[in-house]
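Naming convention: chains lettered A, B, ... in sequence-line order (proteins, then strands); numbering from 1 in each chain. Just so you know, these numbers come straight off a predicted model, no measurement behind them.
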Protein chains: 2
Amino acid sequence: MGKIDLKKLGLKVTLPRLKVLAILERNQREHLSAEDIYKALLESGEDVGLATVYRVLTQFEQADILNRHHFAEGHSVFELNQGEHHDHILCVKCGEVDEFTDEVIEARQDAIAKEMGFEITHHSLYLYGICSACQKK
Amino acid sequence: MGKIDLKKLGLKVTLPRLKVLAILERNQREHLSAEDIYKALLESGEDVGLATVYRVLTQFEQADILNRHHFAEGHSVFELNQGEHHDHILCVKCGEVDEFTDEVIEARQDAIAKEMGFEITHHSLYLYGICSACQKK
DNA sequence: CAAACAATGAAAAAACTTCTCATTATTATT
DNA sequence: AATAATAATGAGAAGTTTTTTCATTGTTTG
């Protein structure tokens with residue numbers, strides 16, 4: 001996978017940015033909140049302020065390095081932009097998050113946006129339900 | 001449209017609840033935040049506390065009287081549950097919100113949830129883009 | 001290596017939401 | 001219509017999440 005070049009994105013190469021990036025790369029399957037990342041940094045003995053974490057995440061989002069999600073939790077979570085887009089399905093009981101993609105849905109979304117005169121920039125689709133493990137409890 | 005019977009829903013019929021309901025009914029095409037509703041009440045000369053507005057909205061959500069949405073704004077917005085489900089398309093420039101429904105997408109969502117072993121409870125789909133009016137600017 | 005300027009940490013502040021608690025209102029029952 | 005039981009309310013405090021401010025530090029370009 002191609003390394004992310006901060007300089008090319010107009011961002012100075014600083015320790016906080018590299019550290020946040022490292023945390024995200026180490027947790028590619030997770031959806032981390034700003035607080036999660038901040039705690040992970042503290043545990044690694046890094047001295048990065050929470051405000052900086054928020055700033056860096058916002059910059060990374062604008063640079064399309066990562067995606068921000070608003071699950072029904074009250075705070076944002078982030079994941080590295082891994083090239084192929086995907087959507088999410090979440091368990092309302094245990095909080096598990098799975099991913100999926102569906103060509104049919106993608107195509108319909110584009111068609112709908114076109115019909116309604118919108119130039120689509122992005123979308124968010126979250127399915128909420130009870131996962132198989134929680135159904136058995 | 002059938003009037004909403006708070007009593008049948010296990011909610012006592014109180015002035016704040018009726019007033020919030022009236023605001024929502026008067027703005028069926030809008031997506032109002034708790035603050036919006038609170039301000040609308042103040043402007044109507046009603047003496048309702050913000051905490052009550054939040055409480056009532058949460059109760060209405062649980063009673064399925066309304067839907068809560070988490071657009072990419074950082075706060076919840078609400079709209080009366082008008083029977084038929086619909087999704088949303090939002091303009092990232094002017095903030096306009098339009099609605100749509102698509103049988104194909106609905107069906108695929110159910111199929112995907114089933115495939116993944118989920119018992120689906122609800123979903124949220126938001127398309128973001130630039131509306132036709134803003135494209136011309 | 002120095003100057004220009006952007007990034008940082010810490011703390012304060014802002015924005016949104018929930019909680020606490022004393023008071024008031026609603027309801028079912030007289 | 002009055003009462004008792006109980007739920008709802010308003011005000012403010014407090015909790016969360018996020019942004020801003022500002023003095024200091026770090027990065028980059030030439």
Problem set entry | Derivation and outcome, side chain to side chain contact (heavy atoms under 4.5 Å, CB included), residues B:V56 and B:V48 | CA-CA 11 Å; B:V56 167; B:V48 176; over 6 Å; no
Exercise. Take A:I37 and A:N27, measure what side chain to side chain contact (heavy atoms under 4.5 Å, CB included) needs, and give me the verdict at the end.
Key: CA-CA 10 Å; A:I37 292 167; A:N27 296 276; over 6 Å; no
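Mapping B:T14 and B:E35 onto DNA chain C by nearest heavy atom places B:E35 closer to the 5' end of the strand. The 5' end of DNA chain C is approached more closely, in terms of each residue's nearest nucleotide, by B:R68 than by the other of B:R68 and B:L15.
Near-neighbour residues of DNA chain C inside residues 36-45 of chain A, defined by a heavy atom below 4.0 Å, are absent. Of the residues in residues 49-64 of chain B, those lying under 4.0 Å from DNA chain C by heavy-atom distance are B:L50, B:A51, B:Y54, B:R55.
Between A:H123 and A:H85, the ring centre distance stays below 6.0 Å.
The end-to-end axis angle of the helix from C:dC1-D:dG30 to C:dT30-D:dA1, rounded to 10 degrees and based on five pairs per end, is 40°.
Chain B approaches DNA chain C within less than 4.0 angstrom (heavy atoms of the protein), and the contacting nucleotides run 5' to 3' from C:dC16 to C:dT27. Bounding nucleotides for the chain B contact on DNA chain D, 5' to 3', at a heavy-atom distance below 4.0 Å, are D:dT6 to D:dG12.
Among the heavy atoms of the strands lying under 4.0 Å from A:S76 are primed sugar atoms or P, OP1, OP2 only; no base atom is included.
Shown here are the side-chain contact (heavy atoms from CB on, under 4.5 Å) partners of A:K7, two or more places apart in sequence or in another chain: A:D5, A:V13. In this structure, the side-chain contact (heavy atoms from CB on, under 4.5 Å) partners of A:K12, at least two apart in sequence or on a different chain, are A:T14, A:R17.
Listed by first and then second residue, the side chain to side chain donor-acceptor pair (under 3.5 Å) pairs that reach into residues 38-50 of chain B are B:K19-B:E46, sequence neighbours excluded. Counting only residues at least two apart or on different chains, no salt bridge (charged side-chain N to carboxylate O under 4.0 Å, His left out) pair has a member in residues 81-98 of chain B. A salt bridge (charged side-chain N to carboxylate O under 4.0 Å, His left out) check over residues 59-76 of chain B, counting only residues at least two apart or in different chains, returns the pairs B:E61-B:R68.
B:T52 and B:R55 share a donor-acceptor pair across their side chains, judged by distance under 3.5 Å alone.
Other residues sharing the hydrophobic cluster of B:L127, ordered by chain and number and joined by side-chain separations under 4.5 Å: A:I89, A:F100, A:I105, A:I112, A:M116, A:F118, A:I120, A:L125, A:L127, B:I89, B:F100, B:I105, B:I112, B:M116, B:F118, B:I120, B:L125. Cluster partners of A:Y126, by chain and number: A:F71, A:V77, A:L90, A:V92, A:V97, A:Y128, A:I130. The rule joins Ile, Leu, Val, Met, Phe, Trp and Tyr whenever side-chain heavy atoms lie under 4.5 Å apart.
No path of Ile, Leu, Val, Met, Phe, Trp and Tyr side chains, each step under 4.5 Å between heavy atoms, connects A:L15 with A:L42, placing them in separate hydrophobic clusters.
Counting heavy atoms from C-beta on, the side chains of A:H31 and A:D36 never come closer than 4.5 Å. At a threshold of 4.5 Å between non-hydrogen side-chain atoms, the residues B:S76 and B:H69 do not count as touching.
Taken to the nearest 0.5 Å, the CZ atom of A:R108 stands 13.0 Å off from the CD atom of A:E106.
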